[in-house]
Amino acid sequence: MSELKTHTGGCHCGAVRWEVDLPDAFEVEDCNCSMCAMSGNIHIIVPSSRFRLTEGNDNLAEYTFNTGVAKHLFCKTCGVKSFYIPRSNPDGVAVTWRCIDDWQDLNVTVNKFDGQNWEKHAHTLAHKSKA
């Protein structure tokens with residue numbers, strides 16, 4: 001893996017802010033599960049050690065459903081989910097690609113992920129939260 005660079009990001013109103021360490025080029029997941037499809041979420045899964053919440057922990061609301069493993073975290077002020085704990089990688093963090101401040105300048109490959117058939121495909125994401 002190439003050297004990691006720290007990027008900043010957060011929600012729309014700025015109440016929630018974080019840092020994430022990313023390589024120069026990486027993959028993002030365009031998932032079609034019920035949650036990602038409805039919100040248009042395209043995300044990158046990283047080990048939790050590469051993510052730091054710097055502001056707004058007290059401004060986060062949590063939503064869970066089905067198994068309750070995924071922790072969908074939303075800004076209480078603007079409603080944006082800039083990151084969450086994914087069911088596929090509960091030991092990692094899924095950062096919303098377009099919530100990274102410089103997202104348009106990043107070298108990404110967009111991968112389609114069939115989240116509608118999650119049980120059949122989840123194993124293909126398991127490695128993404130490992131350091």
Side-chain angles (χ1 to χ4, degrees):
M1 178 183 294
S2 64
E3 188 173 321
L4 300 176
K5 178 183 174 189
T6 299
H7 297 268
T8 57
C11 68
H12 186 262
C13 71
V16 175
R17 298 292 299 161
W18 39 258
E19 297 175 340
V20 63
D21 300 328
L22 299 170
D24 289 334
F26 55 90
E27 299 175 344
V28 294
E29 307 305 322
D30 183 3
C31 178
N32 67 357
C33 75
S34 61
M35 181 61 92
C36 290
M38 290 182 120
S39 64
N41 192 330
I42 301 174
H43 54 270
I44 174 173
I45 299 170
V46 299
S48 58
S49 62
R50 289 179 26 201
F51 177 86
R52 294 166 300 284
L53 182 63
T54 58
E55 292 179 48
N57 186 54
D58 58 340
N59 208 50
L60 291 171
E62 182 179 298
Y63 173 70
T64 62
F65 65 98
N66 195 10
T67 64
V69 175
K71 307 297 182 204
H72 299 276
L73 302 163
F74 300 86
C75 172
K76 291 179 187 178
T77 305
C78 67
V80 169
K81 177 173 74 169
S82 61
F83 74 97
Y84 71 102
I85 308 305
R87 179 178 170 198
S88 63
N89 300 75
D91 59 337
V93 176
V95 173
T96 301
W97 170 39
R98 291 183 173 138
C99 288
I100 301 170
D101 292 338
D102 60 346
W103 71 273
Q104 292 178 320
D105 299 328
L106 301 175
N107 181 6
V108 303
T109 301
V110 178
N111 291 333
K112 299 265 185 210
F113 177 74
D114 185 6
Q116 289 181 2
N117 297 293
W118 192 89
E119 285 78 8
K120 186 175 179 182
H121 301 287
H123 72 279
T124 64
L125 301 176
H127 70 282
K128 295 191 178 258
S129 59
K130 306 305 178 228

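Side chains included, hydrogens not; waters and symmetry mates left out as well; all remaining heavy atoms used. Nothing here was measured: the structure is a model prediction, and the numbers come from that model. Each residue takes its place number in the sequence, starting with 1.
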Specify whether Y84 and H72 have parallel, tilted or perpendicular ring planes, treating 30° as the upper limit for parallel and 60° as the lower limit for perpendicular.
-> parallel
Consider only side-chain heavy atoms of I, L, V, M, F, W and Y, link residues closer than 4.5 Å, and tell whether L73 and W18 are in one cluster.
-> yes
Of all the heavy-atom pairs spanning N117 and H121, show the shortest one and how long it is.
-> O-CD2, 3.2 Å
Do you know which two heavy atoms are closest between L4 and P23, and how far apart they sit?
-> CD2-N, 3.4 Å
Please check if the side chain of S48 supplies one atom and the backbone of D91 the other of a donor-acceptor pair under 3.5 Å.
-> yes
Full working for side chain to side chain contact (heavy atoms under 4.5 Å, CB included) between N41 and M35 = CA-CA 8 Å; N41 192 330; M35 181 61 92; over 6 Å; no
One should read off an interatomic distance between H12 NE2 and C99 SG, to the nearest 0.5 angstrom, of 10.0 Å
What's the shortest heavy-atom distance between D101 and G9, and which atoms?
-> OD1-CA, 3.6 Å
CD/E3 to CG/D21 distance, rounded to the nearest 0.5 angstrom?
-> 10.5 Å
Decide yes or no on side chain to side chain contact (heavy atoms under 4.5 Å, CB included) for F26 and L106, but give the supporting numbers first.
-> CA-CA 9 Å; F26 55 90; L106 301 175; 3.8 Å; yes
CD (E29) and CD1 (I45) are apart, to the nearest 0.5 Å, by 5.5 Å
Atom pairs and distances, donor-acceptor, side-chain atoms in residues 53-70, under 3.5 Å, two or more places apart:
residue, atom, partner, partner atom, Å
T54, OG1, R17, O, 3.1
N59, ND2, T77, OG1, 3.1
T67, OG1, V69, N, 3.4

Interatomic distance, S88 atom OG to H127 atom NE2 [nearest 0.5 angstrom] | 10.5 Å
Can you tell me if N89 uses its side chain to pair, donor with acceptor, with the backbone of A94 under 3.5 Å?
-> no
Does any N or O in the side chain of T96 come within less than 3.5 Å of the main-chain N or O of K81, such that one atom is a donor and the other an acceptor?
-> yes
Give the minimum heavy-atom separation between R52 and S49, together with the two atoms involved.
-> NH1-O, 4.0 Å
Closest heavy-atom pair and its distance - C75, V16 | CB-CG2, 4.0 Å
To the nearest 0.5 Å, what is the distance between CH2 (W97) and NE2 (H43)?
-> 13.0 Å
Cluster question for you: counting only ILVMFWY and a side-chain heavy-atom cut-off of under 4.5 Å, with indirect links fine, are F113 and V28 together?
-> no
Crowded around K130 NZ? As in, over 12 foreign heavy atoms under 6.0 Å?
-> yes
How far apart are the closest heavy atoms of C78 and C13, and which atoms are they?
-> SG-N, 3.6 Å
If you group Ile, Leu, Val, Met, Phe, Trp and Tyr by side-chain heavy-atom gaps below 4.5 Å, do F74 and V80 land in one group?
-> no
